[in-house]
Visitor: 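Sharing a structure with you now.
All of these numbers come straight from a predicted model, not from anything done at the bench.
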Amino acid sequence: MKSRRLFLVVNAFVLVLSLLTALRVLPGPETAGTALAFYALFLFPGYAISRLASRRPAGLLEDICRIFLAGLLFLTVILALGFVPGISYRGIALAAFAVNGALLL
């Protein structure tokens with residue numbers, strides 16, 4: 001139970017840091033912002049979606065492929081929001097944060 005709570009707290013903290021970095025509220029080195037964005041836009045959603053889609057245990061390579069493909073799916077959907085007229089980068093960042101928060105819970 002403690003590990004699930006720790007997972008929730010750490011990922012919520014990382015997602016908030018990523019949002020603040022994307023909105024240019026939190027200054028920092030570009031590599032840290034890139035690493036946070038990679039985690040928040042690719043790794044975490046890929047992991048969460050792959051866990052929601054399949055509960056059966058699989059091999060390591062199959063798990064990595066599922067996470068990679070689910071992360072690509074999430075990125076494709078979020079980046080497609082850029083084609084909607086009137087949605088800015090700030091709106092895309094907030095939408096990604098909201099979906100990640102829903103996936104986290």
Visitor: What pairs meet the ring pair (Phe, Tyr, Trp, His ring centres under 6.0 Å) rule with one or both residues in residues 74-97, with sequence neighbours excluded?
Guide: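 Listed once each, the pairs would be none.
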Visitor: Which heavy atom in S18 sits nearest to a heavy atom in L36, and how many Å separate them?
Guide: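 In this case the closest contact between S18 and L36 is OG-O, 3.7 Å.
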Visitor: Same cluster or not: L41 versus L79, using hydrophobic residues (I, L, V, M, F, W, Y) connected whenever any side-chain heavy atoms lie under 4.5 Å apart?
Guide: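 In one cluster with L41: L79, no.
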Visitor: Run the side-chain contact (heavy atoms from CB on, under 4.5 Å) test against I92 and tell me which residues pass, sequence neighbours left out.
Guide: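 For I92, the residues satisfying side-chain contact (heavy atoms from CB on, under 4.5 Å) (neighbours in sequence not counted) are I78, L81, I87.
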Visitor: Please give me the minimum heavy-atom distance between A93 and L23, naming the atom from each residue.
Guide: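 Heavy atoms only, the tightest pair is CB-CD2, 4.4 Å.
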Visitor: For residues 6-13, tabulate all N or O donor-acceptor pairs below 3.5 Å that involve a side-chain atom, not counting sequence neighbours.
Guide:
unit_1, atom_1, unit_2, atom_2, d
N11, OD1, Y39, OH, 2.2
N11, ND2, F7, O, 3.0

Visitor: So how far is it from Y47 OH to L104 CG, rounded to the nearest 0.5 Å?
Guide: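 Y47 atom OH to L104 atom CG measures 11.0 Å (nearest 0.5 Å).
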Visitor: According to a hydrophobic-cluster definition based on side-chain heavy atoms being under 4.5 Å apart (Ile, Leu, Val, Met, Phe, Trp, Tyr only), do L69 and I67 belong together?
Guide: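 L69 clusters together with I67.
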Visitor: In chain order, what residues pass the side-chain contact (heavy atoms from CB on, under 4.5 Å) check against F68, with sequence neighbours excluded?
Guide: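 Result, side-chain contact (heavy atoms from CB on, under 4.5 Å) vs F68: F42, L72.
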Visitor: Between V77 and F38, is there a shared hydrophobic cluster once you connect ILVMFWY residues whose side-chain heavy atoms come closer than 4.5 Å?
Guide: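 No, because V77 and F38 fall into different hydrophobic clusters, even though each may have its own neighbours under 4.5 Å.
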Visitor: Verify the cluster assignment for L73 and L103: are they in a single hydrophobic cluster under the rule of side-chain heavy atoms below 4.5 Å apart?
Guide: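 Per the 4.5 Å side-chain linkage, L73 and L103 are not co-clustered.
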Visitor: Check P45 against N100 and note the closest heavy-atom contact, atom names and distance.
Guide: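 Where P45 meets N100 most closely, the heavy atoms are CG-OD1, 3.1 Å.
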Visitor: With P27, which residues qualify under side-chain contact (heavy atoms from CB on, under 4.5 Å), at least two apart?
Guide: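 Scan of P27 (side-chain contact (heavy atoms from CB on, under 4.5 Å), adjacent residues dropped) gives none.
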Visitor: Check whether V99 and L43 end up in the same hydrophobic cluster, where Ile, Leu, Val, Met, Phe, Trp and Tyr are linked by side-chain heavy atoms less than 4.5 Å apart.
Guide: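 Shared cluster, yes.
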Visitor: Could you identify which residues cluster with I64, counting Ile, Leu, Val, Met, Phe, Trp and Tyr as linked when any side-chain heavy atoms lie under 4.5 Å apart, either directly or through a chain of such contacts?
Guide: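 L60, which link up through side-chain heavy atoms under 4.5 Å apart, make up the rest of the cluster.
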